[in-house]
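Following: one structure in structure tokens, then a few remarks.
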Amino acid sequence: MAQAHPSLFTHGSGADPAPVGSQRVPVLLPMPFAGPFDYKAPASMALQPGDIVSVPLGNRRETGVVWDTHNTLPPDLARPPSGKTVADNRLRSVAERLELPPLNAELRQFVDWVAAYTLSPPGMVLAMTLRLHMKGPTPTPATGWIVQPPPSELRLTPARQKVLALMADGVARTTTDIASAAGVSAGVVKGLADAGALRTVLLEPERPFAQPDPLHHPPVLEGAQKEAATALRQSVNARCFSVTLLEGVTGSGKTEIYLEAIAACLEQGQQALVLLPEIALSAQWMDRFTRRFGVRPAVWHSEIGQKARRLTWLGAADGSARVVVGARSALFLPFCNPGLIIVDEEHESLFKQEEGVIYNARDMAVLRGRLAGFPVVVVSATPSLETLANAEAGRYQRLVLPTRHGGASLPQTHLLDMRAAPPPRGLFLSPQLVEDIASTLAREEQAMLFLNRRGYAPLTLCRTCGHRMECPHCTAWLVEHRNRHVLSCHYCDHTEPMPAVCPTCKSEDSLTAIGPGIERITEEARQLFPDARILVMSSDTLGGPAATAEAVAKIARREVDLIIGTQIVAKGWHFPHLTLVGIVDADLGLGGADLRAGERTIQLLHQVAGRAGRASTPGRVVLQSYTPEHPVMQALLSGDFDQFMEQEAEQRRPGFWPPYGRLAALIISADTPQAADEAAAQFGRTAPYGEGIQVLGPAPAPLAILRGRHRRRLLLRTWRSIAVQPILHRWLGLVQVSRHVRVEVDVDPVSFL
Ligand code: ADP
Ligand code: ZN
Ligand code: ZN
């Protein structure tokens with residue numbers, strides 16, 4: 001399999017001998033070129049693959065990485081050879097080698113494979129691993145003070161005496177540290193320095209990552225938990241590639257168990273990475289980790305700030321960051337000694353990055369484990385069909401925790417047939433659900449209402465002429481946000497003031513809100529329960545991670561009676577006093593032509609339901625549905641997730657839908673509908689065919705216009721035994737599109753919008 005493929009890249013190396021006394025090296029730049037460019041470097045620089053260098057490009061300087069002259073892609077993933085070799089005498093020189101740890105061979109190989117799998121330029125994948133603003137100034141090392149004999153007679157005040165007594169141990173300290181430890185002002189320190197009693201020294205570089213202690217606070221495990229923890233520890237100790245699915249109902253202790261796998265990884269001196277779908281919402285997770293290991297883990301996501309990014313990147317590279325918890329992009333950190341990746345909530349579509357390099361972090365985590373030879377653990381209460389099929393086929397080991405920890409029972413589920421007992425006109429909570437909330441609040445327990453829709457109403461309609469308020473840039477209705485008196489598009493940045501008259505027929509007071517968003521449910525709840533302390537949890541009301549953490553803490557402290565939220569509330573929170581969850585619109589999400597609509601709905605609703613009754617008082621879940629006979633509703637009612645997934649499998653198998661076949665989407669977009677149609681038609685005419693290969697489309701995308709661009713889709717579907725990448729390469733090579741047309745390739749699509 002590990003077959004060398006010569007000259008895959010534009011400026012393939014090795015064709016000509018390098019000039020005497022200098023070295024010819026391919027350098028991959030974090031940009032959308034087809035491959036590395038060759039540069040020359042003086043022999044004295046002695047560059048090795050992985051070295052991070054600064055090179056000229058046009059009239060700029062860019063940071064890149066010395067790449068390998070041959071890569072180890074399997075034939076299926078290899079790119080068609082292209083390009084020419086630049087003559088030696090026209091090569092430009094590497095400007096300098098940067099003082100940064102080199103990217104190791106494992107990571108370089110991973111970059112090449114991800115690029116090849118997703119049909120992305122390798123430089124764009126490299127950009128994800130170089131996400132550290134290396135061009136910024138290197139932080140100056142901190143300086144501190146140590147004592148030295150003063151040159152002449154030193155005036156000794158009591159404050160100065162305190163400082164000298166403190167510093168007598170010879171330890172170097174910063175001004176701030178001295179001032180606070182000796183209880184004096186910074187001026188005293190400065191005075192002593194001026195008098196020659198202290199001299200400056202460079203402090204050791206900051207070691208920002210405290211070392212987690214695997215023995216700090218281990219849990220007591222019994223039964224299935226113990227078996228699962230033992231099995232995971234064995235996988236980690238084996239130090240070779242394996243994938244394990246850790247499955248169990250919400251509250252069964254999955255997190256507790258995979259922390260044991262991390263402990264095993266720490267015990268053997270390796271690094272562990274935990275991928276969470278939404279790290280910004282993980283305050284409770286951090287506390288759990290800290291309780292188990294005594295210190296906080298290193299964190300990686302888009303909001304941590306430049307300095308933290310740099311430290312985490314370097315900590316991953318030098319091994320001092322022993323456990324990193326992060327969003328999907330953490331997968332591209334340069335770990336020097338990785339021993340384990342955990343993918344928590346593996347079924348989450350947030351692991352799929354939909355822009356730039358379109359990749360699925362769960363699947364690429366498995367790839368990284370395979371290339372570098374370490375275990376990967378994927379965790380879920382409701383695993384994806386892809387993962388279940390892998391377990392079924394024996395490719396993944398499967399560990400199941402069947403019951404909630406500590407005897408907590410799973411919530412009882414009730415289906416409310418909204419056709420039989422509808423809410424009053426213009427309202428959205430049925431009498432039964434209202435009664436349930438009232439009695440829950442009367443018992444001084446907490447209740448939650450879930451609706452996965454931000455804003456006040458998803459549609460604003462003119463009662464006189466039927467005009468619908470739509471986004472001028474997208475095929476989408478504008479959503480009313482009543483608090484802010486605006487209509488806004490949830491697909492682009494467009495926002496406009498709520499009009500007073502209908503834009504078409506000019507009728508006054510004729511625009512009507514249709515359907516509920518959570519603002520409208522909140523309005524209804526406030527009228528029904530005027531005394532209840534209501535907390536709204538959505539991205540509109542919670543400004544960021546800190547506000548979210550504070551909201552969650554308030555709920556845990558019991559300062560809230562009724563929580564009303566969007567999918568934010570489904571994120572693994574532990575709310576011990578919550579005993580009732582009402583799903584306002586269980587059918588939402590079942591519409592549309594998404595292959596995984598049913599699977600997705602059941603995963604989300606199960607996750608929301610799992611917030612109820614996690615402590616001793618049993619929980620109740622009420623589903624409001626207009627289609628109670630739907631298999632998704634029936635599965636939620638019976639709790640038989642396995643059976644539902646078997647039915648899903650039976651439906652997907654005959655048509656070779658994933659995971660029983662492969663999919664890749666082409667999304668073509670252009671400024672005008674004509675240009676989009678024309679390009680799409682060309683792809684249609686040149687579509688691949690053959691046994692086990694089929695192309696659906698071209699067709700307008702469901703989001704036919706997005707941010708002013710007209711979008712068309714084609715979908716390639718093949719048997720599982722057929723690799724899509726070579727087919728896509730050939731296909732893309734047959735069509736020349738104009739500069740104004742963009743073609744995006746989405747291998748293993750999750751979104752069909
Ligand atoms: P899951 O990740 O499956 O939802 P958790 O790991 O969050 O489950 O466990 C649910 C709750 O039970 C948490 O509060 C956790 O601390 C507690 N718990 C689980 N297993 C144990 C154990 N063996 N000892 C002590 N507490 C446990
Ligand atoms: Zn009108
Ligand atoms: Zn829009």
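Because only heavy atoms are used, hydrogens play no part in the values below, and waters and symmetry mates are left out as well, while side chains stay in. First listed ligand is number 1; within each ligand, the first listed atom is number 1.
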Presence of N, O or S from Cys474 under 2.8 Å of the Zn ion (ligand 3): yes
Less than 3.5 Å apart, any donor N or O on the side chain of Arg620 or His414 sitting next to an acceptor on the other? yes
Vertex the Zn ion (ligand 2), arms to Cys502 SG and Cys465 SG, rounded to 10°: 110°
Under 3.5 Å, is there a donor on one side chain and an acceptor on the other for Thr255 and Trp285? no
Quick one about Thr566 and Ser538 (side-chain donor to acceptor, distance below 3.5 Å, no hydrogens or angles considered), yes or no? no
Side chain, backbone, both or neither: Leu401 near ligand 1, heavy atoms under 4.0 Å: neither
Mark up the atoms of ligand 1 that fall under 4.0 Å of a heavy atom belonging to Val220, in ascending order. 22 (C), 23 (N), 24 (N)
Which heavy atom of the protein is the closest neighbour of atom 4 (O) of ligand 1, given with residue, atom name and distance? Gly251 N, 2.8 Å
Would you kindly say whether Arg362 and Ser384 are connected by a side-chain donor-acceptor distance under 3.5 Å? yes
Just checking, any donor-acceptor pair under 3.5 angstrom between side chains of Gln397 and Ser242? no
Leu399 vs Glu227 side-chain heavy atoms within contact, under 4.5 Å: no
Using a 4.0 Å cut-off to any heavy atom of Thr250, which atoms of ligand 1 qualify? 4 (O)
For a ring pair (Phe, Tyr, Trp, His ring centres under 6.0 Å) check, start with the C-alpha distance between His347 and His606, then their side-chain angles and the critical distance, and finish with the verdict. CA-CA 12 Å; His347 61 274; His606 182 89; 9.1 Å; no
Quick check on contacts: which atoms of ligand 1 are under 4.0 angstrom from a heavy atom of Thr255? 2 (O), 6 (O), 7 (O)
Without hydrogens or angle criteria, can the side chains of Glu345 and Gln607 be said to hold a donor-acceptor pair below 3.5 Å? yes
Contact check: Gly248 vs ligand 1, nitrogen or oxygen atoms, below 3.5 angstrom: no
Would you check, one step at a time, whether the test side chain to side chain donor-acceptor pair (under 3.5 Å) holds for Thr475 with Arg711? CA-CA 10 Å; Thr475 315; Arg711 304 165 76 244; over 6 Å; no
Rounded to the nearest 0.5 Å, how far apart are CZ of Arg322 and SG of Cys265? 7.5 Å
Atom 19 (C) of ligand 1 has as its nearest protein heavy atom His405 CG, 3.4 Å
Within 4.0 Å of some non-hydrogen atom of Leu221, the atoms of ligand 1 are 23 (N)
Heavy atoms only: which of Arg288, His574, Lys254 is nearest to atom 7 (O) of ligand 1? Arg288
The Zn ion (ligand 3) reached by Cys489 (N, O or S, under 2.8 Å): yes
Out of Gln225, Glu260, Arg291, Glu256, indicate the one that has the non-hydrogen atom closest to atom 23 (N) of ligand 1. Gln225
Counting each atom of ligand 1 from 1 as listed, which ones have a heavy atom of Gly253 under 4.0 Å away? 1 (P), 3 (O), 5 (P), 6 (O), 8 (O), 9 (O), 19 (C)
Taking 2.8 Å as the cut-off, does an N/O/S atom of Cys492 lie below it from the Zn ion (ligand 3)? yes
So, His467 and the Zn ion (ligand 2): N/O/S under 2.8 Å, yes or no? no
On the 0 to 90° scale, with breaks at 30° and 60°, tag the Phe293-Phe289 ring pair as parallel, tilted or perpendicular. tilted
How does Val249 reach ligand 1, by side chain, by backbone, by both or by neither, if only non-hydrogen atoms under 4.0 Å count? backbone
